[in-house]
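To start, the structure under review is shown below, and the notes come after it.
As the structure is a computational prediction, the values presented were derived from the model and not from experiment. Basis for what follows: all heavy atoms, side chains included, without hydrogens, waters or symmetry-related copies.
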Amino acid sequence: VAANVKVADAAPVDVTFVSATTAAGTCTVKTTQPTALDCTISSLAAGASVAITISATVNATGTKVNTVTVTTTTATTSTTFATRRPSRAT
């Protein structure tokens, strides 16, 4: 079990985070520029996954690269994290 899982995401250039939610914990959007979000999940079982839904406004055209940092206070020997491409509005 991973304890005190933290997810940190700084918005890419020309992207403004509006909200973020997860059923497994809490998320806070920082509205200062650039916007960022922090989510906290109290514990996560081995092999489990958590969905975080982010609503954002894209302020300019072009390619956007988003990097998310995940940390825990539990020691781990695995460095494998599942990554999903963000969905696009149509």
Is any side-chain heavy atom of Asn66 less than 4.5 Å from a side-chain heavy atom of Pro12? yes
Which pairs count as disulfide bond (SG atoms under 2.5 Å apart) when at least one residue sits in residues 24-53, sequence neighbours excluded? Cys27-Cys39
How close do Val15 and Ala56 get, heavy atom to heavy atom, and via which atoms? CG1-CB, 3.9 Å
Same cluster or not: are Ile52 and Val18 linked, directly or through other Ile, Leu, Val, Met, Phe, Trp or Tyr residues, by side-chain heavy atoms under 4.5 angstrom apart? no
Show the nearest heavy-atom pair for residues Val70 and Val7, with the distance to one decimal. CG2-CG2, 4.3 Å
Give, for atom CD1 of Ile54 and atom OG1 of Thr21, the distance between the pair rounded to the nearest 0.5 Å. 9.0 Å
Residue that, paired with Val5, satisfies side chain to side chain contact (heavy atoms under 4.5 Å, CB included) out of Thr73, Thr72, Thr40, Thr74: Thr72
To the closest 0.5 Å, what do you measure between CG (Asn4) and OG1 (Thr71)? 9.0 Å
So, for Pro34 and Ala11, which heavy atoms are closest and what is the spacing to 0.1 Å? CB-O, 4.4 Å
Donor-acceptor contact below 3.5 Å, side chain Ser43 vs main chain Ala2: no
Which salt bridge (Lys or Arg N to Asp or Glu O under 4.0 Å) pairs, counting each pair once, include a residue from residues 24-53, with sequence neighbours left out? Lys30-Asp38
With sequence neighbours excluded, what pairs up with Val29 under the side-chain contact (heavy atoms from CB on, under 4.5 Å) test? Phe17, Ala20, Leu37
